[in-house]
2 protein chains.
Amino acid sequence: MHEEALAGATERADRILDAAAELLVRHGYRKVTVEDVAARARIGKGTVYLHWRTKRQLFEALALREAVVLAEELVAALRADPATLLPHRLLTTSYLVVMRRPVLRALTTEDAPELQPSGLDRELRSQELLVVERLFDLMAKRGLFRADVPNLRYAMTASTAGYFLLDRIDPTSAELDVQEKADALAYTVRHAFEPAEPPDRETLAAVADEAIAVMEELLPPYLARIYTYDRKQRTP
Amino acid sequence: MHEEALAGATERADRILDAAAELLVRHGYRKVTVEDVAARARIGKGTVYLHWRTKRQLFEALALREAVVLAEELVAALRADPATLLPHRLLTTSYLVVMRRPVLRALTTEDAPELQPSGLDRELRSQELLVVERLFDLMAKRGLFRADVPNLRYAMTASTAGYFLLDRIDPTSAELDVQEKADALAYTVRHAFEPAEPPDRETLAAVADEAIAVMEELLPPYLARIYTYDRKQRTP
DNA sequence: TGTTGACCAGTCTTCGAATTTGGTCAACTA
DNA sequence: TAGTTGACCAAATTCGAAGACTGGTCAACA
């Protein structure tokens with residue numbers, strides 16, 4: 001790929017990722033072959049390997065692209081209304097985005113251990129963890145969480161996980177529609193972890209800006225990871 | 001088995017179930033053979049089939065026996081202190097019992113689809129569901145839950161499930177010890193679903209009695225199912 | 001009457017062959 | 001010459017049949 005074609009290159013990368021996405025939701029990680037993806041993107045198999053070193057990195061790139069979309073949606077929502085930063089709103093927004101995007105849904109629903117974040121290299125992973133950590137700290141410090149929650153991180157994760165995972169286990173939960181579940185989630189988070197009085201408008205706006213900044217810090221390395229050929233990294 | 005030996009019979013059933021329990025926690029449902037269980041109980045394999053029609057029913061009996069223990073522990077706790085009926089206390093008590101009893105822990109942790117409640121026959125299952133339903137209604141009606149929770153059942157299930165399932169998925173959560181997790185669970189349920197003011201002592205005691213009655217209704221059919229040979233039922 | 005283990009049919013495991021697939025690279029094209 | 005490709009290879013996966021195992025039965029036994 002020569003300089004001039006770089007734009008076209010990430011364009012092609014996107015086409016490949018589109019193909020991978022389509023096939024992933026239809027057949028699941030295991031049953032999708034690199035050749036299928038290449039064929040669907042109307043390119044040769046070798047060309048796929050000009051973008052990523054392994055099948056796994058290809059699908060990790062797909063997962064990252066979806067993560068970026070999620071982050072961008074959150075940022076957009078925060079810009080439109082800083083009150084989106086309230087934990088229950090942030091959570092339900094995320095929940096709805098995940099459940100409405102087939103790929104994200106497949107990634108959380110289908111347990112493809114190959115695609116779990118553990119597959120990512122340490123730098124990026126720790127960066128991501130750091131962001132979550134920083135967001136939590138930021139929000140906690142600015143009074144978006146009640147101060148006395150024991151093991152806040154764990155409590156949030158555990159209380160929230162069920163909403164994402166339950167349909168996998170208990171078919172009963174399929175009866176409710178996504179919006180109802182989102183409402184239940186919102187209610188739970190709101191009452192379990194938020195203070196009675198939300199912060200006033202100004203601080204909310206200020207913290208939202210900080211949060212946006214933190215999240216946007218994450219995007220460049222993610223984008224780099226998606227579209228830049230990585231000569232070293234080779235997740236084994 | 002003649003009349004006189006009936007006591008001895010359930011005694012033997014218990015010995016078999018003990019053997020099954022031991023082997024279940026060690027090797028998991030799949031790897032345990034009926035012959036192993038019989039050998040460990042120092043009886044012939046055929047004898048196992050004098051108690052239950054299938055391997056599956058044997059292990060369902062084991063699961064039921066554990067459920068009975070759980071119910072009894074709850075009843076005991078309720079008798080000792082009616083305030084145990086407060087949702088956050090009821091939940092954490094259950095959680096701690098489950099996590100501290102290897103068999104219950106294995107049954108919830110290890111996903112042996114054969115042992116999921118779905119395996120039980122409709123009558124008993126619906127009876128069990130009915131009990132949960134009735135407990136929920138009872139508690140809701142008497143003010144143990146806040147009145148405005150949307151989809152209370154689902155919200156409770158989803159918010160709670162993560163605490164039982166998370167270690168399976170996210171090894172990070174293994175860092176906290178059981179008591180800390182139980183505390184987090186208690187906090188969450190307490191704030192998410194309970195009213196600011198708990199019911200007064202008297203009504204609490206009264207409702208606890210009702211709850212005990214409801215739960216104890218469940219025990220006889222369970223016990224029957226565990227120890228009575230069932231000539232018809234044959235879960236396919 | 002109560003117990004058992006030999007026995008049977010169906011299932012699961014094994015393991016080597018055959019096929020598929022991830023990944024490479026020499027040849028090809030524009 | 002930069003960029004692309006599909007034939008090619010080794011490794012992994014699937015397939016299939018032989019064999020082993022296990023759930024469940026029941027005639028024989030205690």
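Note that these values count all heavy atoms, side chains included, but never hydrogens, waters or copies made by symmetry. The shown structure was predicted, so the numbers you read here are calculated from the model rather than taken from an experiment. Quick note on labels: first sequence line is chain A, next is B, and so on, each numbered from 1.
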Nucleotide C:dT3, atom P - distance to OH of B:Tyr229 in whole Å: 14 Å
Atom pair distance, as rounded to whole Å: CZ in A:Arg53 and P in C:dG23: 10 Å
Whole-Å gap separating C1' (C:dT21) and CZ (A:Arg56): 17 Å
A:Trp52 to A:Ile16 - nearest heavy-atom pair and separation: CZ3-CG2, 3.7 Å
Spacing between A:Lys55 atom NZ and C:dT20 atom C1', to the nearest angstrom: 12 Å
Whether B:Thr92 side chain and B:Arg89 backbone form a donor-acceptor pair below 3.5 Å: yes
A:Lys45 side-chain N/O to D:dG6 phosphate OP1/OP2 under 4.0 Å: no
Approximate separation, where rounding is to 0.5 Å, of A:Asp36 CG and A:Lys45 NZ: 10.5 Å
Of residues 37-44 of chain B, the positions that come close to DNA chain C - non-hydrogen atoms, cut-off under 4.0 Å: B:Ile43, B:Gly44
Interatomic distance, A:His51 NE2 vs C:dG23 P [rounded to whole Å]: 16 Å
Distance, rounded to the nearest Å, where A:Tyr49 contributes OH and D:dT5 contributes C1': 14 Å
Ion pair B:Arg79/B:Glu216, N-O distance below 4.0 Å: yes
Expected output: side-chain B:Lys181 to main-chain B:Ser173 donor-acceptor under 3.5 Å: yes
Ring centers of A:Tyr49, A:Tyr229 separated by less than 6.0 Å: no
Donor-acceptor pair, side chain of A:Glu180 and main chain of A:Asp177, under 3.5 angstrom: yes
Length of the CG-C1' vector between B:Asp36 and D:dT22, whole Å: 10 Å
Sugar-phosphate only, base, or nothing, as touched by A:Val32 at under 4.0 Å among non-hydrogen atoms: sugar-phosphate
Phosphate contact (D:dT4 OP1 or OP2) by A:Arg12 side-chain N/O below 4.0 Å: yes
Under-4.0 Å side-chain N/O to phosphate OP1/OP2 contact, B:Arg30 with C:dT13: yes
Rounded distance (Å) that lies between atom C1' of D:dA2 and atom CG of A:Leu50: 11 Å
Along DNA chain D (nearest heavy atom to each residue), the more 5'-positioned of A:Thr47 and B:Lys31: A:Thr47
